[in-house]
Each structure stands twice: as structure tokens, then as C-alpha cells.
Amino acid sequence: MEKAFDPRTVEPSWRARWEELRIGVADRDSPRPKYSIALPPPNITGVLHLGHAMGFSIQDTLARHHRMRGFEVEWCPGTDHAAIATQNVIERQLAAEGTTKEALGRDLFKARVDAWYEEYGGRIYEQMRALGFTCDWSRSRFTLDDGYVRAIRTAFKSLFDSGLIYRGPRIVNWCPRCLSAISDEEIDWQEQTDSLVHLRYPIDGGGDIVVATVRPETMLGDSAVAVAPGDPRYRDAVGRTVTLPLTGRRVPIIEDEAVQPEFGSGALKVTPAHDPTDYEIGERHGLPMISVIAPDGTMDVPDLPRFHGLPVEKARPEVLAALREAGAVVKEEEYVHEVGHCDRSGDVLEPLISAQWWVRMRELSEPAVAAVQSGQTTFHPRRYTDVYLAWMGNIRDWCISRQIWLGHAIPVSTCANGHTFAWIEPPASCPTCQCPELHNDPDVLDTWFSSALWPFAIFGWPEDTDDLRRFYPTDVCVTARDIIFLWVARMIFMGLRFTGTTPFADVIITSTVQAADGTRMNKSKGNAVDPLAMIEEHGADAVRAWAAAVGTGGQDVRFNRDRIESFRRFANKIWNATRFLVTRLDNGEGVMSAPADPPGVDELEPGDRWMLSQVAETVEAVNASLEAYRFHDAMDRLYDVTWHGFCDWYVEMIKPRLREDAPAGSRAAAAHTAITTLDVLLRLLHPFMPFITEECAQRLPGSLPSLQLRDWPQVAPGWREGLAARRGVDELLVLVQRVRALRDESGVPAGERHRLQLSGGDPDMTAEQRMRLLTSLIPVEVEENGDLNGGVSVVAGGLEARYHLAFGERELARSRRRLAELESAIDRLERQLATPAFTGKAKPEVVTEARRRLVEARREQSVLRAQGESQ
RNA sequence: GGGCGGGUAGCUCAGUUGGUCAGAGCGUCUCGCUUACACCGAGAAGGCCGCGGGUUCGAUCCCUGCCCCGCCCACCA
């Protein structure tokens with residue numbers, strides 16, 4: 001074995017091995033219980049960053065863990081066409097080349113897109129492969145696949161035929177660059193400082209009314225002035241009209257509850273065609289919707305040539321100037337507010353009226369709320385449940401049409417006779433009147449409409465396929481919190497609608513990876529980290545272990561190269577521990593088998609039992625952590641027990657026993673314990689760090705072609721018995737540390753032995769055992785002396801230390817203290833519960849809690865007393 | 001405006017039913033190339049657990065107020 005672990009030489013062959021063994025490919029007909037995950041399909045807008053790597057690593061950890069536990073694991077991968085995002089990327093590319101998609105034409109544009117998908121789809125796959133993911137590539141899906149398209153059309157038609165999809169003109173979030181509507185969830189709100197302009201509108205017949213706006217240009221489309229109902233300041237004005245400056249249009253003064261009387265002057269100019277609030281006011285009052293801004297973001301006011309055709313940002317000062325000339329401007333003030341931007345292009349959104357396709361949400365959201373409330377799907381961390389419920393609870397209709405080139409065509413046609421219908425296969429004629437003259441809807445679907453079907457569409461829905469029956473619903477969905485609404489929520493209501501069940505039982509929300517400076521990591525800022533670079537530097541295992549260590553704390557995490565590096569060192573540590581044991585135990589015919597028959601209890605020394613009991617605890621702790629999706633706990637624990645418990649303490653303490661001249665029984669027991677421990681640790685670590693663990697496990701006796709074919713470790717009956725010996729050994733280890741510190745402080749030369757006088761200690765440990773353990777770790781001559789009562793001390797010129805092992809005494813003191821604590825707690829609780837003021841007035845749950853605590857405290861008290869008496 | 005999360009060693013962060021919970025990694029300092037590992041080992045220093053109240057025998061942990069930081073939601077133009 002090489003002296004240092006080199007991931008680069010090891011990783012490729014294991015990737016190949018896993019593929020040869022078809023580790024990731026799920027067998028539909030296997031008798032094992034299934035465990036399935038639908039990989040959140042990454043957008044093919046570029047390569048994956050560290051955030052993806054984290055979420056995906058966690059999924060692979062789950063997949064590998066469940067395979068070892070005996071599940072037939074289906075982790076289905078795929079990619080998302082991400083229509084609007086990809087189109088933006090390509091368009092930017094074209095712009096850089098000095099051309100446009102229009103100049104290119106549809107066909108060439110499509111070729112361009114396909115080439116992009118090819119290249120980046122491939123690179124994403126390479127990234128995932130590099131991390132050692134065992135997803136089922138045989139079932140890999142792309143949202144533009146034929147079968148997938150069929151699923152989308154089926155879902156669309158079903159919703160359309162049930163009246164849950166409708167088309168209509170409404171106010172939408174319009175992106176003037178994408179030239180498309182977008183949904184509420186795709187708005188990126190940014191704080192912005194603007195000028196709040198107060199305008200005076202003359203009231204017909206005398207007087208005037210002042211309104212405030214940050215968008216004076218929209219006043220060209222005003223169709224009313226609104227005040228709060230009953231506002232005394234405007235009692236006389238309501239019902240009258242004003243004549244708008246510049247347009248000369250007469251509009252009414254109305255009352256509407258949307259108006260906040262405290263804001264500004266308490267009067268609001270109403271522009272229903274260009275403001276969501278105003279739109280609703282307009283609907284309530286039947287106001288005309290006067291569009292003055294065109295889809296390309298320029299003013300559309302042919303009657304006013306001064307402004308017509310100006311881009312909004314140029315029109316604003318121009319209109320303001322005109323208003324000033326007209327004497328309508330009262331004052332201007334700085335104003336900070338949130339402005340919606342397109343989350344793809346970054347442009348300021350222009351609310352405007354447009355005919356779009358919508359999904360009626362009420363009927364879909366109600367079951368989706370109920371499903372989460374009833375626990376059919378659980379969020380981890382739990383607090384995201386409330387986030388989800390709040391959103392789903394007051395959701396508005398979903399705008400699903402996009403006016404872009406790329407994406408799934410809306411499967412709707414209208415015939416010459418005006419029959420509109422949805423279809424699954426492109427029709428030749430109208431199903432109602434057989435008219436062959438059809439007009440297809442020109443829009444495409446919101447990408448998230450297709451993503452919403454992912455967990456069942458990947459398995460062949462709407463067909464009742466074997467895969468669907470076998471692997472759906474999935475078990476968990478691992479994703480980032482910023483797509484809870486965009487994706488997770490929508491999968492839930494679509495799943496309920498089309499399959500009658502939620503698509504996954506658990507949703508794991510991973511940490512968000514920030515750049516080192518705490519800002520958001522994103523490609524355009526250039527601070528995104530490519531996982532491949534980290535793999536190159538530290539190896540795939542290090543990246544994965546890092547992901548597990550920081551991915552599920554529920555807290556955002558800053559990119560920290562040192563942290564990743566620490567796991568590379570950890571891999572090296574594992575490598576070297578293995579290398580040491582394997583070479584030391586190689587008897588010429590291979591590694592000395594951890595004997596087929598484990599040594600009898602008699603042959604195990606206290607240190608061996610100490611180690612095995614820790615192994616038992618580790619298995620249980622890791623199980624509990626994984627059960628609760630607390631990967632960071634599991635990783636921490638494994639790191640600690642492997643490095644410190646095993647390498648630093650155990651391996652060091654058995655070194656003398658591993659020498660060939662050591663007593664055979666003792667040597668066998670140490671070998672058995674060491675190999676057993678290493679084997680269990682490697683298996684526990686494998687889902688997190690598959691490469692290094694495979695590489696090491698291969699060298700141990702009894703290995704299989706892959707750890708993925710081994711069982712998940714279980715605690716063997718004897719291991720826990722070591723718990724009793726633990727305290728005795730632990731006490732010696734504390735002594736070792738104190739002696740080391742003492743030697744360090746006293747400047748004793750490294751090799752020089754000194755005398756150590758001992759008394760006390762675990763009565764079950766012989767003086768011989770105690771001495772062997774100590775001398776394996778520190779250079780001392782041990783002398784047992786029953787009369788010592790002091791701690792460590794230095795005697796005379798040469799070092800001499802005396803130490804009294806307080807075995808049992810510490811526990812006794814602790815138990816006394818605990819008893820005292822319990823007594824006072826019981827005292828207080830009894831007093832509290834005897835007080836009518838408390839039992840009568842406090843909240844019932846508080847009283848119940850107090851009773852429960854009292855019962856618990858009494859129980860613990862009696863247990864401790866019983867223990868005390870037995871000793 | 002509402003809600004959520006966070007403020008713990010120089011840095012990045014753990015700390016799940018209030019009582020060995022004051023921890024890890026990195027960094028720093030002092031030793032050590034003892035035949036697994038210098039991608040190492042041993043030892044050490046370092047913290048009013050954001051601030052003020054409160055509950056309690058006891059609070060980093062529970063309640064309350066405040067100060068910062070981040071995020072989400074929201075129709076105040």
C-alpha cells in the first residue's frame with residue numbers, strides 16, 4: 001500500500017467497479033423492500049455547484065445506506081430543460097456573438113439549444129460520476145423526453161377538462177426582456193430607492209386631490225382615484241370626478257378598502273392595467289383597464305406622441321417633466337421599497353394585462369394542505385412545515401403559460417369554428433366539429449409545470465407501469481429550501497391529484513451553501529465553486545463527508561475549504577490505520593484472519609472490550625442519527641471514534657500486542673478486535689465516503705467485491721458487555737493524559753522511563769492488565785501501592801508520579817450530587833402542585849408537565865437509591 | 001408590516017427533552033521524525049455561550065424586552 005492515500009488513482013476504478021456491478025440499477029422484481037428517491041433534476045443551464053453536490057451527496061448516502069440495510073434502492077436521476085433559464089443563457093450567448101434568436105430562426109436556435117443540452121448534460125453527468133453517485137442511470141430521464149412529454153400533456157388535458165386550467169386576460173408579472181409572463185414565485189424582490197411623487201389632480205367643479213406614486217408614467221393609464229371607505233377628508237370628493245393632467249381623461253373618485261388612509265395623502269391613483277393592487281380595485285369597481293405599456297417595456301400611447309414608444313425608464317422623467325409643466329407636481333421625496341425583478345433575466349418586471357393560461361389553485365391546494373397537516377409528508381427540519389402551509393394556504397392561481405421559444409407547447413388547439421380543446425397527441429381535426437383547420441396555442445408551459453410531475457412521470461406515468469407500482473411513491477425528497485414553493489409544493493398537489501398520494505414521505509431541506517464571505521453563491525457573481533475543483537484538491541470522499549457534516553444542521557453554511565480539507569486528512573488517516581494493521585498482521589499468506597472464531601471472553605483484554613463497546617455505541621448512534629436525517633451527527637461521531645477512539649487510543653495501545661513475539665492469545669484478541677472495529681467503521685463510513693472505505697475494506701479478510709454488497713453493521717452480542725470495563729479503562733486513559741502533561745511540563749526526555757506508583761482502580765482489572773495498558777501508552781515502570789491517596793505528583797530529581805485511581809468514587813460523588821438535585825426538584829414540584837394558585841391558574845399543559853416531571857424525578861431517585869444500596 | 005433562523009474559543013461551526021454542555025475542526029504556542037500516518041503524534045493557551053430582566057435550588061438551553069446579521073412572506077401606491 002502506498003504511504004499516502006491518493007484519491008485520484010483510486011476513484012476511477014471504483015466508479016467503474018460500481019457500474020460493472022450495476023450497484024445503482026434497481027431490480028423491479030427483487031423481493032426486497034423498496035427505497036426510492038427521485039433526484040431533483042438539475043437545470044441544464046450550466047454545471048453543478050457545491051450546493052448541488054451537497055444535496056446529491058446526501059441522497060447517495062441515503063441510497064448506499066439503504067442498500068446495505070437490504071432495500072432495493074431506486075435513485076432515479078435526470079435533468080430539467082429549464083426552458084426560460086436556458087433560453088436566457090443561449091440568448092446571452094447569441095448577443096455576445098452579435099446575433100439574436102430571431103436572426104437565427106427557430107430551427108437553428110433549437111440546434112443551438114440541443115448542443116447546449118448535450119454539452120452541459122454531459123458535464124453534469126461527469127460531475128455526478130466523479131462524486132461516486134450510484135443513481136440508476138438506466139432509468140435516467142430528461143423533461144423533454146417523449147414519454148415525459150406525454151405525461152405533461154396528460155396532466156394538462158386532465159386539468160383542462162376538469163376546468164382547473166383556464167385562459168384569460170389578467171394582470172401578470174411581465175418580463176420585458178424574456179417577453180413572457182412569469183409566475184409569482186419567479187419574482188426576485190429587490191429593495192430600491194425611488195422618488196415618491198405627489199401629484200395634484202383637479203376635481204371637476206372645484207378643489208383638487210393629491211395622490212402619491214413612484215411610477216408617474218403610469219398615470220397615463222389611470223382610470224380612477226381611490227380613497228379609504230369613510231375617510232372624512234374625502235367625504236365630499238367621493239363620487240365626483242377628476243380630470244387627469246396630460247390625458248384630460250375624466251375618472252371617478254371611488255372608495256376601496258385596499259387604500260391605506262395613513263399612507264401619503266390617503267388617496268391612491270388607480271392604474272388597473274399596470275399594478276396588481278389597482279387591478280383588483282379595478283375589478284371590484286368595473287373600471288376600464290387602460291394599457292399604456294407595451295410588452296417590450298415601451299410606452300404605448302399613440303395619442304401622446306411625446307411619450308409614445310419611449311422605454312419606461314425614459315418615459316418616467318419625461319412624464320414627470322410634463323406634469324411639472326402642468327403644475328401637477330406637489331412634491332417629491334425619497335422612497336425605499338421593494339421592486340420585483342425577473343429571477344432569470346434580472347430585469348424589472350412590468351405588471352401588465354395579458355391573456356395567459358392559469359391553474360385554478362383552490363381545489364388543488366386543499367388536499368395538499370391536508371396531506372402535510374396529517375403527516376403524510378413531513379418536512380425536516382420541521383419548521384418548514386409552517387412555511388409550506390402558510391404558502392399553500394393562501395395561494396393564488398398559477399400562471400403557467402410562457403411566451404418563449406423553448407419548452408413544452410401548451411397542448412391546446414382552437415378550430416376555425418371556435419372550439420378550443422386540449423390534446424395528448426397532436427390532433428388532425430376538431431373533436432367537436434371535425435373541422436381540420438386548427439390553430440395551435442403559441443405559448444409554452446412554465447418549466448415547473450413539468451417538474452411538478454417528476455416523481456411519477458419518471459416511472460412512466462400516466463401508464464400504469466411496473467416501475468410506477470414498484471417505486472412510487474418515493475421515500476424522500478432532498479432539496480434546497482428556495483424551491484419549496486416552486487417545486488416541492490407543486491409536486492405534492494400534482495401527486496395527490498394524479499396518483500392519489502403524496503409523492504414522498506419526507507422532505508429533507510439541506511443547508512444553503514454560501515460563498516466564503518457569507519454572500520449567496522451564484523454563477524453570475526463568479527463565486528460559485530465547482531465540485532470538480534474540490535474533488536481534484538481533496539478527493540470525492542472529502543467533498544461528500546463535508547456535505548454530510550454541514551448539510552443537515554438546518555443552518556446555512558459558508559464554503560470553507562479547510563473543512564473539506566480536514567476530511568481529506570481523515571481519509572488519509574483511515575488509509576494509514578488500515579495500512580498499518582494489514583501489514584502488521586500479514587503472515588505471508590494474506591492478512592492474519594481476524595480468527596474465524598472470535599477469541600473467548602477470557603482472551604479479550606479490558607482495552608479490547610473498551611473498543612468494542614464503543615463500536616456498539618457508535619453503531620447505535622449512527623443508526624439513530626440517520627433515522628432522524630441528522631447526517632452531521634453521524635459524521636461527527638464517526639470521525640471522532642475512528643480518529644480518536646480507534647487510531648489514537650486503541651491502535652496505540654495494542655501495538656505491543658501485535659508484535660510477533662507477543663503471546664498468541666493476546667495477539668489474536670487484539671487482531672480480532674482491531675480488524676472487527678475497522679471493518680465495522682468502514683461499513684458505517686461507506687455511505688459517506690465510499691471510495692476510501694471500499695479501498696480499505698478490500699484489504700481486510702472476508703471482503704466482497706463491494707461494500708455495497710455487505711450488510712449494514714449490527715451490534716454483536718458480546719460488544720456491549722465491554723461497557724462495564726469502559727470506566728476502568730477510561731480512568732487509565734485520563735491518567736495517561738495527566739502523566740503526559742506532567743512529563744511535558746517537567747521536560748522529561750521523550751524516551752526516558754519513570755516510576756509510576758498506583759493505587760485503587762477497577763477491581764475487575766488485574767495489576768498485570770493495568771500495567772500493560774499503561775506501558776503501551778507511556779514510558780513508565782508501574783508499581784502498585786495500596787496506600788496512595790494523592791493525585792499525580794512529581795517526586796525527587798528523576799520523575800516519579802503517584803496516582804490514586806478513584807474508580808467508583810467519581811461515580812459515587814456524581815450520584816450523590818444528582819440525588820441532591822433530584823431532592824430539590826421534587827421538593828419544588830411538590831410544593832408547586834400543592835399550591836391551588838398554581839394548579840388552578842396555570843395553563844393545563846404546564847400543570848401536566850410539572851406532574852410528569854415529578855413522576856420522572858421520583859423514578860430516577862428510586863433508581864439511584866437502589867443502586868446506592870446495592871453497592 | 002408579518003414570520004422564521006442565527007449571534008458560543010482568533011476563524012468556521014456542534015451542542016435534541018434546564019443539572020460533567022462549555023465542545024470539534026482549523027489557526028496559535030511548546031515538545032516529538034517511538035518502523036501506520038508530518039495529510040502525523042503528545043501537551044498547552046484561548047470563551048461575562050449578543051445584552052437586560054424573569055422562571056428555577058440551578059439557564060448557553062425555557063419566558064420576556066432590546067441590539068445586530070441573514071432569509072422568507074406581504075396589494076401601503
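Not measured: the values here are computed from a predicted model.
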So, does [X] use its side chain to make a donor-acceptor pair with the main chain of [Y] at under 3.5 Å?
{"X": "A:Ser183", "Y": "A:Cys399", "result": "no"}
{"X": "A:Asp541", "Y": "A:Phe691", "result": "yes"}
{"X": "A:Arg233", "Y": "A:Pro261", "result": "yes"}
{"X": "A:Trp575", "Y": "A:Met1", "result": "no"}
{"X": "A:Thr693", "Y": "A:Leu685", "result": "no"}

For a quick check of understanding: with a heavy-atom distance under 4.0 Å over all strands, which category does [X] fall into, base, sugar-phosphate or nothing?
{"X": "A:Val214", "answer": "sugar-phosphate"}
{"X": "A:Arg743", "answer": "nothing"}
{"X": "A:Asp648", "answer": "sugar-phosphate"}
{"X": "A:Arg215", "answer": "nothing"}
{"X": "A:Ala577", "answer": "base"}
{"X": "A:Glu652", "answer": "base"}

Rounded to the nearest angstrom, tell me the gap between atom [atom1] in [X] and atom [atom2] in [N].
{"X": "A:Leu854", "N": "B:U17", "atom1": "CG", "atom2": "P", "result": "20 Å"}
{"X": "A:Asn173", "N": "B:A74", "atom1": "CG", "atom2": "C1'", "result": "14 Å"}
{"X": "A:Arg740", "N": "B:G32", "atom1": "CZ", "atom2": "P", "result": "16 Å"}
{"X": "A:Met653", "N": "B:G41", "atom1": "CE", "atom2": "P", "result": "16 Å"}
{"X": "A:Trp546", "N": "B:C13", "atom1": "CH2", "atom2": "P", "result": "11 Å"}

Closest nucleotide among [options] to the [X] side chain:
{"X": "A:His644", "options": "B:G15, B:A42, B:G25", "answer": "B:G25"}
{"X": "A:Arg630", "options": "B:G15, B:C76, B:C39", "answer": "B:G15"}
{"X": "A:Phe580", "options": "B:G43, B:A36, B:C39", "answer": "B:A36"}
{"X": "A:Arg396", "options": "B:A38, B:A36, B:C75", "answer": "B:C75"}
{"X": "A:Arg481", "options": "B:A36, B:C71, B:A14", "answer": "B:C71"}
{"X": "A:Glu338", "options": "B:U16, B:A74, B:A36", "answer": "B:A74"}
{"X": "A:Phe485", "options": "B:C72, B:C26, B:U16", "answer": "B:C72"}

Nearest-Å distance once atom [atom1] is located in both [N] and [M]:
{"N": "B:G58", "M": "B:C21", "atom1": "C1'", "answer": "14 Å"}
{"N": "B:A9", "M": "B:U16", "atom1": "C1'", "answer": "24 Å"}
{"N": "B:U8", "M": "B:C68", "atom1": "C1'", "answer": "16 Å"}
{"N": "B:G15", "M": "B:A36", "atom1": "P", "answer": "37 Å"}
{"N": "B:U64", "M": "B:G3", "atom1": "P", "answer": "12 Å"}
{"N": "B:U60", "M": "B:G23", "atom1": "C1'", "answer": "12 Å"}
{"N": "B:U56", "M": "B:C63", "atom1": "P", "answer": "16 Å"}
{"N": "B:C49", "M": "B:C11", "atom1": "P", "answer": "16 Å"}

Would one find a side-chain N or O of [X] under 4.0 angstrom from OP1 or OP2 of [N]?
{"X": "A:Lys3", "N": "B:A38", "result": "yes"}
{"X": "A:Gln514", "N": "B:G70", "result": "no"}
{"X": "A:His632", "N": "B:C13", "result": "no"}
{"X": "A:Lys573", "N": "B:C40", "result": "no"}
{"X": "A:Trp643", "N": "B:G41", "result": "yes"}
{"X": "A:Arg284", "N": "B:C75", "result": "no"}

Salt bridge (charged side-chain N to carboxylate O under 4.0 Å, His left out) assessment of A:Glu830 paired with A:Arg858: CA-CA 11 Å; A:Glu830 280 174 341; A:Arg858 278 182 179 145; 2.5 Å; yes
Polar pairs (N or O, both sides) under 3.5 Å between protein and nucleotides 55-57 of chain B?
residue : atom : partner  : partner atom : Å
B:U56   : O2'  : A:Arg828 : NE           : 3.3
B:C57   : N3   : A:Ser824 : OG           : 3.1

Do [X] and [Y] have side-chain atoms, one donor and one acceptor, less than 3.5 Å apart?
{"X": "A:Asn576", "Y": "A:Arg579", "value": "yes"}
{"X": "A:Glu332", "Y": "A:Ser195", "value": "yes"}
{"X": "A:His632", "Y": "A:Thr552", "value": "yes"}

Write out a two-atom table: protein N or O, nucleotide N or O from nucleotides 5-12 of chain B, distance below 3.5 Å.
residue : atom : partner  : partner atom : Å
B:G5    : O2'  : A:Gln555 : OE1          : 2.9
B:U12   : O2'  : A:Asn560 : ND2          : 3.3

Taking ring-ring contact (aromatic ring centres under 6.0 Å, His included) as the cut-off, I'd like each qualifying pair that reaches into residues 534-567 of chain A, sequence neighbours left out, listed once.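 Found A:Phe567-A:Tyr639.
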**Message:** Looking at A:Glu565 and A:Arg569, is any side-chain nitrogen of the basic one under 4.0 Å from a carboxylate oxygen of the acidic one?
**Reply:**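 Yes.
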Checking salt bridge (charged side-chain N to carboxylate O under 4.0 Å, His left out) for the pair A:Glu350/A:Arg215: CA distance, chi angles, key distance, verdict? CA-CA 11 Å; A:Glu350 207 56 67; A:Arg215 303 203 50 193; 2.6 Å; yes
Exercise for the section: Can you tell me which residue pairs pass the salt bridge (charged side-chain N to carboxylate O under 4.0 Å, His left out) test with a partner in residues 267-282 of chain A, sequence neighbours excluded? Expected result: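 Salt bridge (charged side-chain N to carboxylate O under 4.0 Å, His left out) check on residues 267-282 of chain A returns A:Asp222-A:Lys269, A:Glu280-A:Arg396.
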Sequence neighbours excluded - salt bridge (charged side-chain N to carboxylate O under 4.0 Å, His left out) pairs with any residue from residues 545-557 of chain A
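Salt bridge (charged side-chain N to carboxylate O under 4.0 Å, His left out) check on residues 545-557 of chain A returns A:Arg481-A:Asp556.
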Output field dot_bracket for RNA chain B (Watson-Crick or G-U, both distances under 3.5 Å, | for other-strand pairs) contains (((((((..((((.....[...)))).(((((.......))))).....(((((..]....))))))))))))....
Point to revise | Aromatic A:Phe5 / basic A:Lys573 pairing, under 6.0 angstrom, 45° off normal | key: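 Negative - A:Lys573 is either too far from the ring of A:Phe5 or too far off its axis.
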